[in-house]
Amino acid sequence: TIGALQNSKHADQARSREQKLRVTADAELERARQNLYAADVGLANAAIQRKNLGAARGLLSHQAKNAPDLLGIEWRLLWNQTKGDQIETLGPFPTTVCSLCPIADDLLAVATASDGAYLCEYPSGRILETLDKGSKIPTQYRVAMNTLIYLEKANRLVHFSNTGIQMWQGPEWKKIEIPNHVSSSRPYNSGTVSPSGDFVAAGYRGGISIWSAPSMKLVGELTCNPLPYSQSVVFAGSDLRIAFGNRKTIEVWEFQSEPFVASRNWNVDHSTSSLCSHNQWLVGASWSGDLTTWDIESGMVVHEQPEAHGTFIRALATNSTGDAIYTGGGDQLIGRWHFPSLAPIGFMPGHGDEVWSVRSLGDQIISGGRDRTVRIWDSNLSNARPSPAGLDSVCQFTHDGRYLVGNHRSDGLTVWKTSTFQPTTNLNLEGQLVAITPSDKLRLASYEDHLKLVTVDPTSGNIESTRHFPN
């Protein structure tokens with residue numbers, strides 16, 4: 001009996017120790033979970049400041065899935081900011097959106113990296129018809145480049161891709177036969193239509209083909225040197241002048257008359273990712289993120305904007321009036337620039353990956369990219385929100401979520417309104433932000449010969465109290 005009692009006592013002690021260890025382990029696990037949540041929210045905030053909305057969305061989505069009970073107002077504020085400044089988001093499409101082609105006011109054609117082509121209702125984005133499901137990209141084509149163009153006079157859609165040329169006739173958008181004289185199986189990677197709509201040109205490895213529209217009768221071939229894929233082909237100001245860009249040069253060719261024998265007009269050393277033209281100006285974007293404007297007649301550089309995006313620019317377009325251009329690239333941003341001066345106007349975050357295509361459509365911009373979406377923007381970028389550049393690592397949200405407060409590298413303490421990310425107060429005060437009180441007052445600490453703690457109202461900037469702590 002005594003042995004049984006002792007065994008029972010030892011069992012109770014073991015259960016008690018196990019329970020204590022379990023409680024300790026659960027508490028440690030909860031602490032680790034809360035620390036991970038705080039770390040992901042902090043990283044998401046930093047990603048938003050860098051305008052990397054895709055990374056921020058990933059971090060916040062992970063916490064929403066794995067720790068829904070921890071989501072607070074800070075999560076909701078950051079999640080709202082990751083939605084970007086687009087008016088509407090269409091998709092997702094099966095793969096990367098390579099090319100966008102507006103048709104009238106209510107249709108949009110979309111080409112993807114798998115050489116697929118889709119006809120969508122605009123602006124809802126509803127896919128009305130899959131024109132081509134596409135195919136696996138041949139391994140010899142390192143980058144999927146394909147282009148859709150619309151021939152308005154013939155109401156015809158033409159798709160230049162790695163697998164050749166395809167055409168559809170509106171309004172039923174039935175596929176039509178390619179004339180025998182067209183090299184329909186040649187791998188094209190960029191296409192354009194002339195200002196009058198009477199000619200079509202497309203680039204391929206080592207050359208450019210030119211057709212009359214809408215018959216698609218071949219009227220000329222240009223052999224271009226060097227041979228790498230052309231990244232952009234545009235009619236430069238007229239039907240009789242073509243600009244061709246690749247990774248090394250830009251060449252401008254001028255036609256004298258039919259049968260379209262061309263002579264080189266001028267060329268420059270420029271690593272070109274995209275070209276566009278308006279009136280007498282030619283604009284080129286580079287793989288290093290630079291923008292350059294040339295005078296088409298002389299080839300002289302008119303304006304330059306080095307490191308316009310800080311990374312490569314892949315998409316370039318002018319608006320209908322020719323007073324602005326739009327860009328998109330590896331930094332996931334849509335940029336707007338005065339044309340032809342290239343003075344910056346603003347940037348729009350929203351895409352979650354590289355931007356591959358930008359087009360202007362009336363008072364809106366449409367863009368697509370590697371996040372497999374098409375996004376619609378206000379062409380004036382009137383709702384652009386500048387990021388709080390220059391903040392150091394110490395920044396906190398107020399308890400009501402209306403403000404973000406941080407120590408600025410040049411202006412002391414800065415208070416930003418979270419709904420617009422516009423600064424509301426710049427406090428030129430010495431000290432480091434150490435806390436925000438439950439009543440949303442700011443506590444700043446500074447130290448010279450002794451510690452000083454200052455309490456500040458974030459909206460007015462008034463110092464409400466100062467406490468000194470002698471050594």
Side-chain angles (χ1 to χ4, degrees), residues 98-101 109 111 145-154 156-168 178-179 181-247 249-267 270 272-285 294 296 315-318 357 359:
C98 291
S99 180
L100 300 167
C101 183
M145 298 288 289
N146 55 93
T147 306
L148 285 164
I149 62 172
Y150 176 57
L151 305 179
E152 186 176 358
K153 292 181 179 179
R156 180 176 294 178
L157 185 67
V158 186
H159 185 205
F160 297 98
S161 72
N162 290 299
T163 54
I165 305 174
Q166 296 185 77
M167 292 190 292
W168 296 271
I178 307 294
H181 52 263
V182 176
S183 301
S184 58
S185 60
R186 178 181 282 166
Y188 292 99
N189 52 37
S190 57
T192 185
V193 62
S194 68
S196 69
D198 292 335
F199 298 98
V200 173
Y204 61 94
R205 185 179 291 274
I208 300 172
S209 300
I210 305 163
W211 301 269
S212 61
S215 67
M216 294 301 288
K217 176 183 177 182
L218 189 67
V219 296
E221 292 270 4
L222 299 180
T223 301
C224 300
N225 193 19
L227 293 180
Y229 266 2
S230 62
Q231 300 302 325
S232 186
V233 174
V234 295
F235 282 90
S238 78
D239 285 12
L240 299 179
R241 189 186 290 120
I242 283 182
F244 166 93
N246 55 41
R247 290 185 184 272
T249 64
I250 294 175
E251 298 181 5
V252 178
W253 296 75
E254 199 154 343
F255 304 102
Q256 305 303 320
S257 60
E258 292 196 49
F260 280 73
V261 177
S263 61
R264 187 181 307 175
N265 188 17
W266 55 269
N267 68 290
H270 191 266
T272 306
S273 57
S274 187
L275 289 173
C276 69
S277 174
H278 187 80
N279 294 335
Q280 75 270 35
W281 312 113
L282 179 68
V283 180
W294 293 273
I296 294 174
L316 190 61
T318 61
S357 181
R359 295 292 298 269

Looking at [X] and [Y], what are the two nearest heavy atoms and their distance?
| X | Y | result |
| --- | --- | --- |
| Ser277 | Ile296 | OG-CD1, 3.6 Å |
| Gly207 | Phe244 | O-CE1, 4.5 Å |
| Cys98 | Ser357 | O-CB, 3.4 Å |
| Gly237 | Pro195 | C-CG, 4.4 Å |
| Leu157 | Ala109 | CD2-CB, 3.8 Å |
| Val234 | Cys276 | CG1-CA, 4.1 Å |

Taking the side chain as everything from C-beta on, heavy atoms only, tell me whether [X] gets closer than 4.5 Å to [Y].
| X | Y | result |
| --- | --- | --- |
| His159 | Ile165 | no |
| Ser209 | Tyr204 | yes |
| Leu275 | Val283 | no |
| Val158 | Leu148 | no |

Pair Trp168-Gln166, side chain to side chain donor-acceptor pair (under 3.5 Å): steps then yes or no: CA-CA 7 Å; Trp168 296 271; Gln166 296 185 77; 5.3 Å; no
Checking Ser212 against Asp198 for the side chain to side chain contact (heavy atoms under 4.5 Å, CB included) test, could you report, in this order, the C-alpha distance in whole Å, the side-chain angles of both residues, the deciding distance, and whether it holds? CA-CA 6 Å; Ser212 61; Asp198 292 335; over 6 Å; no
Considering the options Thr192, Val252, Val233, which one meets the side chain to side chain contact (heavy atoms under 4.5 Å, CB included) requirement together with Ile242?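 Looking at Thr192, Val252, Val233, the match for Ile242 under the side chain to side chain contact (heavy atoms under 4.5 Å, CB included) is Val233.
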Can you sort out the partners of Asn279 under side chain to side chain donor-acceptor pair (under 3.5 Å), two or more places apart, ordered by chain and number?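 Expected list: none.
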Donor-acceptor contact below 3.5 Å, side chain [X] vs main chain [Y]:
| X | Y | result |
| --- | --- | --- |
| Arg241 | Ala236 | yes |
| Thr272 | Ser274 | no |
| Ser273 | Ala285 | yes |
| Lys153 | Ser196 | yes |
| Arg359 | Leu100 | yes |
| Thr318 | His278 | no |

Using the side-chain contact (heavy atoms from CB on, under 4.5 Å) criterion, which residues pair with Ala317? Sequence neighbours excluded.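 Counting only residues at least two positions away or on another chain, Ala317 forms a side-chain contact (heavy atoms from CB on, under 4.5 Å) with Val358.
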Using 0.5 Å steps for rounding, measure from the CD1 atom of Ile208 to the CD atom of Glu221.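 Going from CD1 on Ile208 over to CD on Glu221, the span is 9.5 Å.
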Apply side chain to side chain contact (heavy atoms under 4.5 Å, CB included) to the pair Ser194 and Val200, showing each step before the final yes or no. CA-CA 6 Å; Ser194 68; Val200 173; over 6 Å; no
Could you give me the CA-CA distance, side-chain angles and deciding distance for Ile149 and Phe160, then say whether side chain to side chain contact (heavy atoms under 4.5 Å, CB included) is met? CA-CA 8 Å; Ile149 62 172; Phe160 297 98; 3.6 Å; yes
Before we go on, tell me: are the rings of Tyr188 and Trp211 under 6.0 Å apart, centre to centre?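 Under 6.0 Å, so yes.
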